[in-house]
Each structure stands twice: as C-alpha cells, then as structure tokens.
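First up is the structure itself, then whatever we jot down about it.
From a predicted model like this one, the values you see are computed outputs, not experimental measurements.
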Amino acid sequence: MLKKFFSYYVPYKKLFAIDFICAVISAILELFFPIAVNMVIDQILPQGNLRHIVMFSVLLFALYLFNTTMNYIVVYIGHVFGSHIETDMRKELFEHFQKQSYAYFDKMKTGDLMSRITTDLFEISELAHHGPEDVFITIMTLVGAFLLMLNVHIPLALMTVALIPILGVVLGLFSRYMVNINVSIKQNLGRFNAGIQNSISGMRVVKAFANESYENNIFVDLAEKYRLAMVRFYNSMATSSSFNYIVMRLINLFALLAGSYYTIVGELTIGELVGYILLSNVFIRPLERINAMLEVYPKGYAGFVRLQEELNKEPDIVDHPNAVEAPKFEGNIRYDNVSFGYNKEKPVLENVTIDIKAGQTVAFVGPSGAGKTTLVNLLPRFYEITSGQITVDGVDIQDVTMQSLRKQIGIVQQDVFLFDGTIKENVLYGRLDATDEEVEAAIDSAKLREVISNLPDGIDTQIGERGVSLSGGQKQRLSIARIFLKNPKILILDEATSALDTATERFIQSSLDELSQGRTSLVIAHRLATITNADRIIVVTPEGIMEDGTHEELLAQNNIYADLYRSQFGGM
Ligand code: ADP
Ligand code: MG
C-alpha cells in the first residue's frame, strides 16, 4: 500500500523535493531561536550595550524574514504538489469508471461514486502533501531539540524526554481507531450523496406523488447518520488533543520546575534556564503537529484504502489480449448455443441459436421480462455470455476490440438519454468527427428539421439536463439522428417507439424504416403493427425461443404469435 502511495509522487519528485527541503530548513531555524535567546541573556545582556542587542535583533529579523519565505514556499508548493497528485488520481479513477461494464453500473450508486472522486481524493492529496513532510519534521525537530536540550543539561533533558514514549503509544493506538472511524464516515457520506442524487434526479416523481415529506425523512435520516459518524470522529479528535495538551504542558512545567532547581543549585545560568524552557516549547511543538496529523492521516489513509479497493476491481468485460480491430461488417449475425444469466442462480437465456442474414430485419416479440433486451445487449458485449458463441460475419465478437465492434452497432432504446448541451452536440455524439454537413443531413433524415426550426437558437438550442425541454417524440428523433450520423451496419431498436403515442409512433416509424435500409436490424417491438413486414419474427418467452418465421407463417401456425396478434388487433 505504501509503495503504491509513493508511486504517485514520482512525476513530481522535484516539487516535492523543494517543498521538503524548505520545510526542513524552516524547522531547523525554529531550533535556532531558543539558542539565540540564551545567547542574548547570558552573553550580550551582561555587556550592557543596547547597540549589540539591536544588531542581534536585526540579524534575527533577517532570519525571520527568510523563514517566512520558506514558509510561503512550503505552503504554496506543497499544495501545488498535492493538487497534482489529486488530479492524477482523479484521472485514473475516472478512466477506471469508463472501463467498467453494464453490470458494474447496474450495482453502483452515482452519489457514492461522486463522493469518491471528489471528497476522498481531496483528503488523499492532503495526506500526500503533509504526510511524509510532517513525519520527517516531527522526528527531526524532536531529535534536534532533544540534542540541544542535552547540551544544556543532560539529566534534565533525559527526564523531560521520558514522557514521550507514553504519548507515542497512546497516539499510535488512537490513529488506528481514527482510520476505522473515517472509513465509516466515508461510507456514510457515500450513502448520503447517493440518497441526495436519487431523490433529486427523481424530483418530478416525488412531486407527482406529493411525497416530499417522505423524501425529507429519508434525507434527514442519512444526514443524521453522517453527522453521528462525524461526531464520533470529533469526539476522538477532542480526546486526543486534550491528552496532547496536558502532556505538552506537563513537559513545560517540568522544564520550569526541574530547571529552576538546577538553576538554584548553580548548575544552570538564567539564560540557559530561559533557553531550555523555550527549547522545551520547540520540543513539544511537533506534538501539536502530531495532533493535526491525526486529522489528516486517518482521513487520507481511509480515502486511499477506498481508492485502491476501487481501482483493484478489474472490469469484468475487457478486450481479449489478442483482440483485433473488427473488419467492416456486412452484418451476418449468429447466436450459437448462447446462454446467459445476470447471476448464476437464474439463467435468462439458455442455448439460444439464431441465424440472421446481412440486411435482414428480424423482430423479437414476447412477454415483458422474457429476455429480449438481454438477448440484444449481448451483441455489443454489454454483458458477457456464459457459454456459446456470438459471431458477426463469422468473426467471434470476443476476438475483436469492443470499440471496433460497438462503432458498427447502433442502438435506439425506449428511454433516450441526452446530455446537457445543445442539439448539435447531442447529434454529434453519434460520430464526434462528423462535419457540419453530415450533422445537417442526419437531422434531415431523422425528420428533426421541423423541430429545430421552431426553436429559438435552432441547432444550438440548449436542451437542459437529460433533454427536459424536448418532448418524448423529439428526443427520440434526436437519438435517431445520432444513429444516422453514426451509420452503423447493425441496428438494434429496443422498443424505440413504445413510449410514444400512436401518431408520433407512426411518424417516427417512417424514420426508423429508412434507418433500417441497408442494415441488419434487430427490432424489439411491443406493438406488433410496427413489425408485421419484418423478414422474420422471433417469439421469445421465458421458456426460450418458441416461434420463428414471417408474419404470415406465424399466423398460420396459430400459436403464441397468433394469439398475441389477435389480442392486439381483436377478432380476425
Ligand atoms: P424483456 O426485454 O424481454 O422485457 P429483459 O431482457 O429486460 O426482458 O429481462 C429478462 C430478465 O432479466 C428479467 O427477469 C429481468 O428481471 C432480468 N434482468 C434484466 N436486466 C437485468 C439486470 N441489469 N440485472 C439483473 N437482472 C436483470
Ligand atoms: Mg426489454
């Protein structure tokens, strides 16, 4: 874990070195000041010459100024260094998220993920910036002050220092406890953020059901749990800081008492006594630092543990080591004995075999929950099959890169997700390097022109988060424009028009028919009217594929499809 942690330092060795060296110089200078006071009292003061004292003060002032500069560098460069590490980790984490499969995002909660990538990483960077520096300076100052104290009076110094190991043991135990508390704070914060995200993104539903007070209660509950976790943390912070304080003051007091004794018996001069008391102050200052570390260290460490835990999760669907760029598809698709389940206990598809010729339109119909969406989602490898094989033009989809596979598959779903931004940006998402003319052509093909001409800023109109300012049909047309622009060889339409009214459906259907031209299309349809002229219709039921044929053939079989058809169109 430590090795991994320091690997983030490597690109910023220089910044860290500057920060570190300045911090060390500054700590050494702090050691020097008590000696200076000792000198003033014992050597310069007895001379009775004010000029010497003034000169000495000027010298000290110069040193203070120098130390101020050091301090500036430590604070500024240290944070620049920390911010680099924070950003690097953030990039790594974001890339990690991008690599994950559908299954990962089925389980994860947006708010939790947000808190990992924001709060956690900030706290880790604080640790990266302060951690090693503080540890080193603490040890150095303790040792340095101790040596100087020894130089003043050996038995006195030894007695003073005897108090330290006790403090060390107590604080060591404490810091372990604090890491645990911080892991729990982070889990609570994650749940809290996930709760807010859930509730805010569902605000329209909340209002529709007038369930604001219910949502408020959930929120208050989560906020309260988070607060309690923090209270536990601050309780232990307060305990450790009080404990620290009393130990520090004991050391001070002891220096005064025992030091006075040695002064009275003539073993110490007044200057040495004052210098020693000031030294004991320098000596205990790192103890204050340790207390600050007790806040930074457990938070950062807990965050780093969570970060590593996350980064160590291997994406469950990856390119095979010798995957190649997929050739340009013609569009022959074959499912060969394919089985799949979201979990081991309950298979959704078992030994499914389907053969689809390039250019065909194949419709999948059947009851909800039968596995139609699951079936088509296996083709772009959104989920990985458990056994069997899926090929396109005879090439196993697992032998090509996911990028090159997915670039050649276009998917239109029932829920369209649009990004916050303009219409143009959303269409461009289909193929980022498309020209303006291509975007315009896609807009025409998707019959989006009329929608755009009624908008204030035309194609540059902002459509709001998830495209809230567009109607269902308009959103669907936009998503179709995206696919026209992408121009894939294989098309998947998963209940693309199910959420629309019949008039809009008919209108969109004509765009979809046009989109299907020259492509292999897998169409999942709820309303059978849209698929009666498909080349083939496959009936999927929870028991598997039950029927396969043209509309006329299946009607003639007078079985499941025929029943479905009659239930939608009545009589016959
Ligand atoms: P259809 O599209 O035919 O309505 P689905 O393919 O969506 O059916 O679902 C088939 C089965 O798989 C259902 O029992 C459903 O509950 C389950 N299922 C669908 N998606 C997931 C998922 N992401 N995780 C776990 N189970 C799922
Ligand atoms: Mg479905």
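- In plain terms, the two heavy atoms of Leu349 and Gly371 that are nearest each other are CD2-O, 4.0 Å.
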Working for ring-ring contact (aromatic ring centres under 6.0 Å, His included), residues Phe16 and Tyr12 | CA-CA 6 Å; Phe16 182 67; Tyr12 310 106; over 10 Å; no

How far apart are the C-alpha atoms of Thr422 and Thr461, what are their side-chain angles, what is the distance that settles it, and do they pass the side chain to side chain contact (heavy atoms under 4.5 Å, CB included) test?
-> CA-CA 5 Å; Thr422 65; Thr461 305; over 6 Å; no

Decide side chain to side chain contact (heavy atoms under 4.5 Å, CB included) for His84 and Leu15; before the verdict, give the C-alpha distance in whole Å, the side-chain angles of both, and the deciding distance to 0.1 Å.
-> CA-CA 10 Å; His84 272 302; Leu15 277 182; 3.7 Å; yes

Using the ring-ring contact (aromatic ring centres under 6.0 Å, His included) rule, take His130 and His79 through it: C-alpha gap first, then chi angles, then the decisive distance, then the call.
-> CA-CA 9 Å; His130 293 289; His79 280 102; 5.7 Å; yes

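- Expressed to the nearest 0.5 Å, how far CD1 of Ile251 lies from CD1 of Ile284 amounts to 6.5 Å.
- No hydrogens or angles considered: nothing links the side chains of Asp494 and Gln413 as a donor-acceptor pair under 3.5 Å.
- Between Asp88 and Arg90 there is no salt bridge, since no side-chain nitrogen of the basic residue lies less than 4.0 Å from a carboxylate oxygen of the acidic one.
- Between the side chains of Asp316 and Tyr383, not a single donor N or O lies within less than 3.5 Å of an accepting N or O.
- The existence of a salt bridge linking Glu126 and Lys299 is excluded, since no basic side-chain nitrogen approaches an acidic carboxylate oxygen closer than 4.0 Å.
- Atom CG of Leu65 has more than 12 neighbouring heavy atoms from other residues, nucleotides or ligands inside a 6.0 Å radius.
- We find the CD1-CG distance between Ile423 and Leu470 to be 5.5 Å, quoted to the nearest 0.5 Å.
- Between the CG atom in Leu93 and the CD1 atom in Ile117 there is a gap of 4.5 Å [rounded to 0.5 Å].
- Checked by atom type, the side-chain pair Arg232/Asn235 shows no donor-acceptor distance below 3.5 Å.
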Determine, stepwise, if the pair Tyr9 / Phe5 fulfils ring-ring contact (aromatic ring centres under 6.0 Å, His included).
-> CA-CA 8 Å; Tyr9 283 60; Phe5 186 71; 5.8 Å; yes

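- Atom CD of Glu92 and atom CG of Leu121 lie 9.5 Å apart (nearest 0.5 Å).
- No side-chain donor-acceptor contact under 3.5 Å links Ser236 and Thr239.
- For Ser479 and Gln476, the side-chain atoms include at least one donor-acceptor pair closer than 3.5 Å.
- Closest approach of Ala326 and Gln408 over heavy atoms only: CB-NE2, 3.9 Å.
- Between the side chains of Glu215 and Ser199, at least one donor-acceptor pair of N or O atoms lies under 3.5 Å.
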Could you walk me through whether Asn38 and Val274 pass side chain to side chain contact (heavy atoms under 4.5 Å, CB included), step by step?
-> CA-CA 7 Å; Asn38 184 350; Val274 175; over 6 Å; no

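- In this model, a donor atom of one side chain and an acceptor atom of the other lie less than 3.5 Å apart for Ser26 and Asn67.
- Atom-to-atom distance recorded for Phe382:CZ and Ile317:CD1 is 9.5 Å, nearest 0.5 angstrom.
- A distance of 11.5 Å separates CD1 of Ile21 from CD of Glu133, quoted to the nearest 0.5 Å.
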Can Phe209 and Tyr214 be said to form a ring-ring contact (aromatic ring centres under 6.0 Å, His included), step by step?
-> CA-CA 10 Å; Phe209 285 93; Tyr214 171 74; over 10 Å; no

Going by atom type alone, with no hydrogens or angles, which donor-acceptor pairs under 3.5 Å involve a side-chain atom of residues 301-312 and a protein atom two or more places apart or on another chain?
{"unit_1": "Arg306", "atom_1": "NE", "unit_2": "Asp120", "atom_2": "OD2", "d": "2.9"}
{"unit_1": "Arg306", "atom_1": "NH2", "unit_2": "Asp120", "atom_2": "OD2", "d": "3.4"}
{"unit_1": "Glu310", "atom_1": "OE1", "unit_2": "Lys313", "atom_2": "NZ", "d": "3.0"}
{"unit_1": "Glu310", "atom_1": "OE2", "unit_2": "His96", "atom_2": "NE2", "d": "3.0"}
{"unit_1": "Glu310", "atom_1": "OE2", "unit_2": "Tyr104", "atom_2": "OH", "d": "2.5"}
{"unit_1": "Asn312", "atom_1": "ND2", "unit_2": "Gln308", "atom_2": "O", "d": "3.2"}

